[in-house]
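Below is one structure; the comments refer to it alone.
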Amino acid sequence: MTDFFSAPGRFYRGNLHTHSNRSDGALPPEEVCRRYKAEGYDFLALTDHLIGAYDYPITDTAPFRDDTFTTLLGAEVHSGAMQNGELWHLVAVGLPADFDPPDAPGFLPHPGMESAAALAERCRAAGAFVAIAHPQWSGLTQEDARSIEAAHAVEIYNHGCAAGCDRGDGFHMLDLLLSEGSELTAIATDDAHFTEPDHFGGWVMVKALELTPEALLAALKTGHFYASQGPELRDIAVSGDAVEVWSSAAATVIVQGQGSAAAARHGQSMTRASIPLDRFRGSPWIRVTVIDAAGRRAWSNPIWLT
Ligand SMILES: [Zn+2]
Ligand SMILES: [Zn+2]
């Protein structure tokens with residue numbers, strides 16, 4: 001499950017959730033792509049809001065691809081109400097340009113709308129990598145989240161939600177769903193609109209053989225990636241009684257599991273940590289968090305022990 005660290009290929013840095021002025025972002029698609037490339041990103045998914053008020057955009061970013069930067073087509077899709085009565089938000093990366101949008105005229109749900117679960121299923125069937133967006137910002141309940149059976153991932157960090165309302169985290173929801181047995185992965189994103197400091201703060205590092213939309217999408221679906229705000233994960237190896245973590249210089253390395261299970265190592269400029277697994281005997285899964293001296297974090301995908 002962590003074999004991809006040492007497999008052939010390299011890690012590509014990308015942001016999976018971004019808006020342009022085709023919906024409520026401030027900048028044209030070309031300028032958004034230019035800024036991500038200039039910042040050192042290898043790829044970007046523009047995910048404008050797929051609602052009628054914006055003429056259901058699946059923004060074409062193919063013209064902005066070159067040898068060192070590529071894009072995935074996608075959208076933030078909306079349909080159906082959450083338990084709090086508000087409209088669902090899901091991120092779908094790898095959508096076909098001709099995807100049939102739901103009947104979602106604006107940001108309010110209406111009676112008879114396609115459910116979010118059904119929409120997620122259609123996105124997945126159309127080839128997309130589907131993520132539950134910003135659980136904390138949405139006020140998502142566990143029952144809401146569990147209904148999206150087609151989801152591949154949960155946004156565990158949304159930089160825009162962190163910048164704009166201090167509700168950027170999704171770990172709590174992810175951990176609850178993992179403990180129900182849902183084999184979800186974990187993405188960090190910007191959700192950048194370029195209307196506030198909401199960009200270049202959370203990304204994924206995807207291991208692939210080549211920088212193509214097809215290779216990146218396949219790697220996302222198989223979980224060959226980790227999420228970060230800065231630190232690099234170099235390798236993770238689970239042996240019988242310990243997990244070894246190799247990373248860029250870390251101040252803290254934490255392993256989390258089901259319920260209250262967690263164990264940490266603290267130090268200075270650690271690049272390798274060994275954490276005993278005895279605290280995780282009752283947990284079917286673990287995940288790893290690496291924190292650098294500036295407080296920036298990197299997060300592994302869940303690792304299933306059984
Ligand atoms: Zn959203
Ligand atoms: Zn968004």
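What you are looking at is a predicted structure, and each value in this text was computed from that prediction instead of being measured. Both ligands and their constituent atoms are indexed starting at 1 by order of listing. By convention here, the first residue in the shown sequence is residue 1.
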Problem set entry | Verdict with supporting geometry, His78 and His49, side chain to side chain donor-acceptor pair (under 3.5 Å) | CA-CA 8 Å; His78 306 274; His49 297 286; 2.9 Å; yes
Exercise. Quick one: do Glu232 and Arg234 make a salt bridge, cutoff under 4.0 Å?
Worked result: yes
Problem set entry | the Zn ion (ligand 2) to His19: nearest N/O/S atom name | NE2
For this session: Could you tell me whether Phe280 and Trp285 have their ring centroids closer than 6.0 angstrom?
Result: no
Exercise. After noting the C-alpha distance and the side-chain angles of Glu30 and Arg34, does the key distance pass the salt bridge (Lys or Arg N to Asp or Glu O under 4.0 Å) rule?
Worked result: CA-CA 6 Å; Glu30 182 172 11; Arg34 189 196 69 76; over 6 Å; no
For this session: Return the number of protein N, O or S atoms with a distance to the Zn ion (ligand 1) smaller than 2.8 Å.
Result: 3
Problem set entry | Phe225 and Phe129 aromatic ring geometry - parallel, tilted or perpendicular at 30°/60° bounds | perpendicular
Exercise. Could Arg13 and Trp203 be counted as a cation-pi pair, given that NZ or CZ must be under 6.0 Å from the ring centre and within 45° of the axis?
Worked result: yes
